[in-house]
Every structure is written in structure tokens, then in C-alpha cells.
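Input: a single structure, listed below in C-alpha cells.
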Amino acid sequence: MASSRETAHTEQGDFVLGHLRAVHEPGFGKPSNLREPHVTRDGTRTVVTADVLDGLCGRPRTALYTATNGRFRQVSALGGSARSGRFSPDGRTLAFLADRAVPGVFQLHLRADGDFGEAEPAPAVPGTVEYLHWSPDGSRVLLGVAGLGAELSGGQGSGTNHAADRAEPWYPHVEDEVSDEAWRSLWVYTPATGALRRLSPEGLNCWEAGWSGPDRVAAISSTAPGEDDWYDAALTLIDLGGDVRTVLTSEVQLGLPAGSPDGRVVAVVEAVCSDRWLVAGDLLLLDVESGETRRADTRGVDVTRLDWIDDVRLGYLGQRHLNSVAGVLDTTSGGVSEVFDTPVACGGSTGVHTDGAFTADGRVCTVHDSYRLPPQLVLSGGGGDRVLASTSHPGTDHLLSVAGTSTPVSWRAPDGLEIEGILCTPDGDGPFPLVVNLHGGPIWQFRDMWSMRSQWVPLLVARGYAVLNPNPRGSSGRGQAFAGMVAGDMGGADTHDILSGIDALVDRGVADPTRIGLIGGSYGGFMSSWLVTQDDRFAAAVPIVPVTDWRSQNLTSNIAAWGARFLSPSPDDREARTLDRSPVVHAGKARTPCLNVAGALDNCTPPGQALEFHRALRANGVPSALVVYPQEGHGVRGYPAQIDFLTRVLAWFERHMPA
């Protein structure tokens with residue numbers, strides 16, 4: 001398959017297509033990019049969601065797999081996609097989500113015996129189900145339902161959910177009153193009777209929820225459904241009669257609500273967040289009867305996943321610096337026992353945060369991977385790690401043969417703060433041309449991950465480039481004080497965290513100072529645009545879905561609150577900061593050729609942001625190209641757009657800073 005008329009049959013285009021075929025074709029129809037692991041309480045059965053790529057066309061479907069005799073076996077084989085497998089507390093029933101009736105619209109399915117055959121659909125809800133949770137007694141299933149008009153977060157690709165009967169292509173986009181389809185609601189299904197009913201009342205938008213005992217739900221809720229409204233959402237308790245009580249608010253964000261099986265304690269994570277569902281922070285325990293809240297000591301771990309083992313023991317996963325950590329907290333005594341503390345990533349294809357599920361005896365089922373380790377399903381604890389199945393195949397072997405190596409690195413920022421990152425290098429000795437890969441967020445994190453969760457990192461390494469993946473202040477894994485350093489100062493001290501990392505690699509003989517480039521998406525796109533206006537050392541840059549003009553961003557984005565929170569802590573200073581930290585305002589200082597990339601369907605950082613910077617650069621005589629993908633949102637995710645995108649990225653760097 002060619003990438004496009006413009007990029008096909010070039011040397012870079014042929015290389016990219018050959019590289020992708022060598023990596024992916026041996027895995028066509030097989031599981032890859034594992035995520036959402038789950039395990040029965042006795043540890044005897046597992047289930048995991050995997051991407052399945054059938055060809056270099058469109059986006060991968062998802063399917064459920066179990067690990068049997070060291071191999072993955074598909075759980076449910078009918079058409080469409082399936083995901084989010086969850087065993088009932090007694091392990092006898094598997095519930096999952098599938099879009100068999102309407103593509104992209106997920107509904108609940110259940111298989112009520114131990115044989116993984118085909119499942120029966122539950123009654124359909126009006127919308128698409130985003131997640132499910134069994135009640136502690138196994139009698140009910142809680143469904144988090146998004147209307148077919150609800151906004152998607154940046155991590156989901158931005159845009160909105162869509163009904164199957166979308167309007168004709170000529171029909172205008174209309175922004176008017178908030179529609180009924182824009183809301184997220186909670187529903188409860190009772191398998192024994194087949195009864196399905198709505199739990200949350202009208203006018204309450206429930207972003208995520210979990211059970212708090214068998215007769216109550218803890219939810220992160222707001223009174224409006226816009227993506228911006230999530231940033232001020234509160235923790236609420238909703239009983240089965242639909243009565244709602246707000247029990248906790250925060251100056252930052254709340255997420256991952258999970259009540260103890262007896263309903264006495266609700267655990268929730270409080271964190272400085274830049275994206276919905278990407279929560280990594282402090283563990284709070286709320287006593288439901290007294291309303292008292294205490295902060296648990298997790299030994300410096302930014303918590304990203306909660307799983308009650310029993311009424312007292314709470315399993316948690318998270319990040320500490322560059323490591324993945326799993327632990328068990330005794331909520332009565334406050335004592336902690338850690339199951340693992342490992343440098344491998346344990347988040348699956350979500351990439352950002354550690355995830356997993358606990359057995360009754362405190363073992364953890366998770367996905368292990370690193371830059372040199374293809375994803376595998378692992379059961380940890382009880383004396384070590386047991387690999388249940390791996391996604392390795394000849395395509396992953398090929399990637400390992402060309403992708404070089406990864407190494408954790410650290411350096412000192414000008415103010416003395418230690419900054420960490422992952423350095424990927426090709427074979428041989430430096431100095432290498434260096435591309436700095438900037439993560440999104442800014443509350444995000446690079447760890448030692450398979451392909452660094454991007455196609456371009458191993459591709460660039462295979463062509464002779466070193467790639468630095470830095471975690472400037474604001475990144476996860478270093479506690480909330482570190483994360484909060486970027487709030488109100490994007491483009492400030494974080495700028496020098498990155499520049500000092502480049503200086504360190506030049507001093508160490510790793511990087512060639514005449515061939516330094518930048519690439520990054522979202523916040524990384526902003527920083528890629530911003531840095532070229534602050535320092536003239538860069539030979540090339542590729543800002544992807546960037547913010548470049550904070551004034552127009554605040555008027556056109558669906559997450560204006562994100563920009564306001566992270567740009568300036570004070571409304572009085574925000575107007576000045578809006579100008580001072582906008583790359584378009586400083587475009588006259590730039591000298592770096594920029595390839596600006598956007599998705600036409602992006603509501604988070606609309607494509608006008610890339611257009612503005614492109615036009616500003618061109619007006620100042622700086623080489624610039626603009627590429628807008630008509631079917632993409634917050635990032636380039638589908639084929640053949642990815643082939644075209646990767647070809648353009650490689651050609652841009654090889655034109656302006658050849659290896």
C-alpha cells in the first residue's frame with residue numbers, strides 16, 4: 001500500500017513502508033498492544049484486551065484473549081471489536097464490551113460459565129458503554145455510558161462519539177444548546193432478572209464511577225457534560241434509588257473512585273491532571289460515615305490504578321520515578337507491602353500509566369514491556385513473575401534488530417532540579433544527530449516502553465538518530481509537588497529542563513550540537529513550537545497537534561480550562577501570559593524549519609493552531625510545511641495516514657539534519 005502520491009516511491013517512503021510491513025505483517029490477525037488485564041480472584045484465569053491489525057488500512061480492531069498453556073487464545077470470536085473483560089467476583093461469569101450490533105457503539109455482553117465460548121448481549125443502553133464494574137456481591141453490573149454526542153478526551157483522540165446514522169457529508173456542524181447525547185450516565189444491569197435501569201439522575205454528568213458496597217456507587221461527577229467541566233468535577237455517592245450526595249471536592253482533579261466491598265471506605269486519587277482519565281497522584285481514603293478524609297502513604301508512588309482485595313486491603317499500582325510499582329495497603333493500619341518495583345513498563349498500550357488487577361492472595365496480573373521487550377501478560381507475586389503469554393513474533397524480532405537500545409538518563413536543570421528521561425540510541429559510537437521526543441500532557445511520563453509508544457522513535461533510531469525522551473517538571477512519577485511545578489508556568493522552567501538535557505548529552509559526546517531536532521504532540525507539540533522561538537540551535541522540528549496561540553486556543557478548544565490552569569495561576573496575569581507564552585507571537589525569532597501536523601477533527605488543539613504557526617513562520621521567511629489529516633483527531637492513528645505521516649517526518653529530518 002502506498003502512502004500518498006506525494007510521499008510514495010521516495011526513498012523514505014519505500015523505507016517506511018518496508019519497515020512497517022516487516023514489523024506488522026507477521027502479526028496480522030494476532031494480538032498486540034495489550035491492555036486492560038484482569039484475573040479471577042483465585043488467579044486461575046486471565047483476560048486481556050489486545051489490538052489486532054489485519055492490514056495497513058484503517059485502525060486496529062480490539063479483541064479479548066486469555067492465556068492458555070503459554071499462548072493467547074481468543075475469548076470471543078464474533079465480528080466487531082471487544083474489550084474491557086471483567087470476571088465476576090466468583091469467577092464464573094465474564095462480562096465485556098463489544099460493538100457487534102453497531103460499529104463503534106459498545107454494549108455489555110456476558111458469558112455465564114467457565115467455557116470461553118460466545119457470549120449473549122445484555123439489553124442495549126442508549127449510547128456506548130465506556131467501562132463496566134461488577135458489584136462486590138456479583139449481583140449487578142455498573143455501566144458507564146457516553147451519549148452518541150459526548151466529547152472524547154485528547155487521550156481518546158478528541159472529537160465526539162457518533163451515532164451510526166451520521167448526517168450526510170454536506171450537513172453543517174451545529175454548535176447550539178447542549179444536546180441530550182452529550183451527557184455521560186450510569187446504568188445498572190441485573191443478570192439474574194435481565195433488568196436494566198438508569199442510576200444517575202438527569203443533569204448529573206458521571207465521568208467515571210465504581211461500586212461502594214453492593215448498594216451504592218462512588219462517581220466523579222459534574223453538573224455539565226463539556227470536556228472542560230471534568231477539571232472541576234467532584235466525588236459523589238449515588239445510592240440505588242438515585243439520591244446523590246457530594247462528599248469531596250478538590251482544587252485539582254479527582255479520579256479512579258473505588259469503594260470497599262463493605263461500603264465503609266471510598267478510595268480516590270487526587271492529582272494535578274492535564275487529560276481526563278490520565279490520573280496519577282495521591283491516594284485519599286474517605287470514611288463514608290464520618291466524612292473524614294486521610295491521605296495514604298504509598299512511599300512516593302503516583303497512584304494510577306485501584307483494586308480492592310477485601311474490606312481492608314486495597315491493591316494499587318502506579319509510578320515511582322521511572323519504575324512501575326504495585327502494592328497492597330492495609331487501610332486499617334496504614335501498612336504497605338509492595339508486590340513489585342520494576343523498571344519495565346506495566347501499563348499496556350495505554351502507555352502512560354501502570355495498570356493491573358489483583359488476586360485474593362495479593363498477586364498482580366499486568367502487562368510487562370520495555371523498549372527491548374515485546375508486551376507480555378504476567379502474573380507477579382508469590383515469589384516472582386510468571387509469564388503467561390507473549391506477543392513476540394518475527395515482526396517484533398525485526399523491530400528489535402533495528403531499534404537500538406534504551407538507557408535511563410538524568411541531568412540537572414539550571415535551578416539544580418534533577419530531570420530524568422529515556423535515551424534511545426542506534427548501534428555504534430556517538431555523537432549522533434539527536435531528536436528530542438516531547439511527551440503530551442504535560443502531566444504524562446516516558447518510561448522504558450515498547451517502541452516508546454510511538455512508531456517514529458524506533459524508525460528514527462533505525463536511520464541512525466538518537467532520540468531523547470525527557471520527563472521535564474510536570475511529568476508523572478515524581479509526586480504532586482513535581483507535577484505541580486508546570487501548572488501556571490508552561491513554557492517557563494520546563495523549557496530549561498529540556499535545553500539542559502540537550503546540553504548534557506552534547507557534553508557527554510552523545511549528541512552532535514549541529515544536528516538537534518524536536519518532535520512531540522499536544523503539550524509536546526506546544527513545546528516543539530515554543531522551543532524553536534527560544535533557542536536557535538535546532539536544525540528541524542515537527543510540532544504535532546500543537547498549541548501555538550493561547551488566545552485563539554482558549555476560544556476554539558473544548559479544554560480551555562486546561563490552558564487557563566496550566567498557563568497562569570492568576571486570572572490577573574493570564575492575559576499577559578497568553579501573549580508571552582504563545583509561539584506565534586515569537587515566530588520572528590525562529591530560524592528552525594518546521595513540519596506542522598494537525599488533525600482536522602481535533603477539538604482539543606484545533607488545526608487552526610498549526611495553521612497559525614505555519615503562516616507566522618512563512619511570513620518571517622522560515623521554511624515551514626503544514627499537513628492536516630482530514631480523518632484524524634488529536635494525533636495520527638489510522639492507516640494509511642500513519643504511513644504518510646512517518647514518511648514526512650523521516651524526510652523532514654533527513655533533509656534538514658541528515659544522519
Side-chain angles (χ1 to χ4, degrees), residues 131 133-137 140 142 144 184 186 188 199-201 204-223 229-273 276-318 327-336 353 358 479-481 483-484:
Y131 57 88
H133 296 294
W134 286 94
S135 62
D137 60 5
R140 303 180 181 94
L142 175 68
R184 284 176 163 85
L186 300 177
V188 173
L199 175 64
S200 58
L204 187 73
N205 194 77
C206 296
W207 299 100
E208 58 178 321
W211 289 96
S212 176
D215 301 313
R216 184 171 51 212
V217 166
I220 306 299
S221 305
S222 62
T223 55
D229 299 299
W230 173 78
Y231 291 90
D232 295 310
L235 177 65
T236 57
L237 293 179
I238 308 174
D239 64 33
L240 291 185
D243 292 331
V244 180
R245 176 164 61 103
T246 299
V247 292
L248 183 65
T249 59
S250 174
E251 293 183 357
V252 289
Q253 284 72 56
L254 299 170
L256 310 177
S260 60
D262 61 9
R264 295 182 180 181
V265 178
V266 174
V268 67
V269 173
E270 182 182 57
V272 183
C273 298
R276 178 168 60 87
W277 281 3
L278 298 184
V279 179
D282 293 344
L283 172 58
L284 305 184
L285 300 173
L286 170 74
D287 185 287
V288 173
E289 184 174 348
S290 68
E292 178 184 353
T293 301
R294 56 191 172 95
R295 200 172 300 269
D297 181 5
T298 57
R299 302 177 184 173
V301 172
D302 279 345
V303 175
T304 60
R305 177 78 162 88
L306 297 173
D307 188 11
W308 285 91
I309 299 172
D310 53 37
D311 292 340
V312 173
R313 293 181 299 157
L314 174 62
Y316 66 89
L317 297 103
V328 178
L329 171 71
D330 185 315
T331 58
T332 302
S333 68
V336 166
H353 292 331
F358 286 78
Q480 292 306 287

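Model, not experiment: these values are computed from the prediction.
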Any idea which heavy atoms bring Pro136 and Trp211 closest together, and the distance? CD-CB, 3.9 Å
Partner set under side chain to side chain donor-acceptor pair (under 3.5 Å) for Arg313, not counting sequence neighbours: Asp310
Would you say that Val268 contacts Thr293 through its side chain, given a criterion of any heavy-atom pair below 4.5 Å between the two side chains? no
Output all residues satisfying side chain to side chain contact (heavy atoms under 4.5 Å, CB included) with Thr332, sequence neighbours left out; order by chain, then residue number. Val312, Asp330
Check whether any side-chain heavy atom of Leu317 lies under 4.5 Å from a side-chain heavy atom of Phe358, and answer yes or no. yes
Those residues that, when tested against Ser135, pass side chain to side chain donor-acceptor pair (under 3.5 Å) (two or more places apart): Asp137
Going by ring pair (Phe, Tyr, Trp, His ring centres under 6.0 Å), name the residues that satisfy it together with Tyr231, two or more places apart in sequence or in a different chain. none
Take Val217 and Leu199 through the side chain to side chain contact (heavy atoms under 4.5 Å, CB included) test and state the conclusion after the steps. CA-CA 9 Å; Val217 166; Leu199 175 64; 3.6 Å; yes
State, to 0.1 Å, how close Thr249 and Ala234 come at their nearest heavy-atom pair, and which atoms those are. CG2-CB, 3.8 Å
Tell me which donor-acceptor pairs under 3.5 Å the side chains of residues 235-242 have, and how far apart each pair is, sequence neighbours excluded?
unit_1, atom_1, unit_2, atom_2, d
Thr236, OG1, Ala219, O, 3.2
Thr236, OG1, Ser221, OG, 2.9
Asp239, OD1, Gly241, N, 2.9
Asp239, OD1, Gly242, N, 3.1
Asp239, OD1, Asp243, N, 3.0

Test side chain to side chain contact (heavy atoms under 4.5 Å, CB included) applied to Val269 and Leu306, step by step: CA-CA 9 Å; Val269 173; Leu306 297 173; 4.1 Å; yes
With sequence neighbours excluded, residues passing side chain to side chain donor-acceptor pair (under 3.5 Å) with Trp230: none
What are the two closest heavy atoms between Tyr131 and Leu186, and how far apart are they? OH-CD2, 3.5 Å
Minimum heavy-atom separation for Ala267 and Leu314, please, with both atom names. CB-CD2, 3.7 Å
Spacing of Arg276 atom CZ and Ile220 atom CD1 [to the nearest 0.5 Å]: 12.0 Å
Has the side chain of His133 got a donor or acceptor atom that lies under 3.5 Å from a matching backbone atom of Ala209? yes
Main chain of Gly259, side chain of Arg216: is a donor-acceptor contact present, judged purely on distance under 3.5 Å? no
Non-hydrogen atoms of Trp308 and Thr331 that approach each other most closely: CH2-CG2, 3.8 Å
For Arg140, give me all partners under salt bridge (charged side-chain N to carboxylate O under 4.0 Å, His left out), at least two apart in sequence or on another chain. Asp215
Can you check side chain to side chain contact (heavy atoms under 4.5 Å, CB included) on Asp229 and Asn205, steps first, answer last? CA-CA 9 Å; Asp229 299 299; Asn205 194 77; over 6 Å; no
d(Leu278 CG, Cys273 SG) to nearest 0.5 Å is 8.0 Å
Just distance, no hydrogens or angles: give the donor-acceptor pairs under 3.5 Å from side chains in residues 279-290, sequence neighbours left out.
unit_1, atom_1, unit_2, atom_2, d
Asp282, OD2, Arg295, NH1, 3.0
Asp287, OD1, Glu289, N, 3.1
Asp287, OD1, Ser290, N, 2.9
Asp287, OD1, Ser290, OG, 3.1
Ser290, OG, Glu292, N, 3.2

Under the side-chain hydrogen bond (donor to acceptor under 3.5 Å, both in side chains) definition, can you give me all pairs with a residue in residues 252-266, not counting sequence neighbours? Ser260-Asp262
Using side chain to side chain donor-acceptor pair (under 3.5 Å) as the criterion, list what pairs up with Ser250, not counting sequence neighbours. Glu270
Contact between Glu208 and Leu254 at the side-chain level, heavy atoms closer than 4.5 Å - yes or no? no
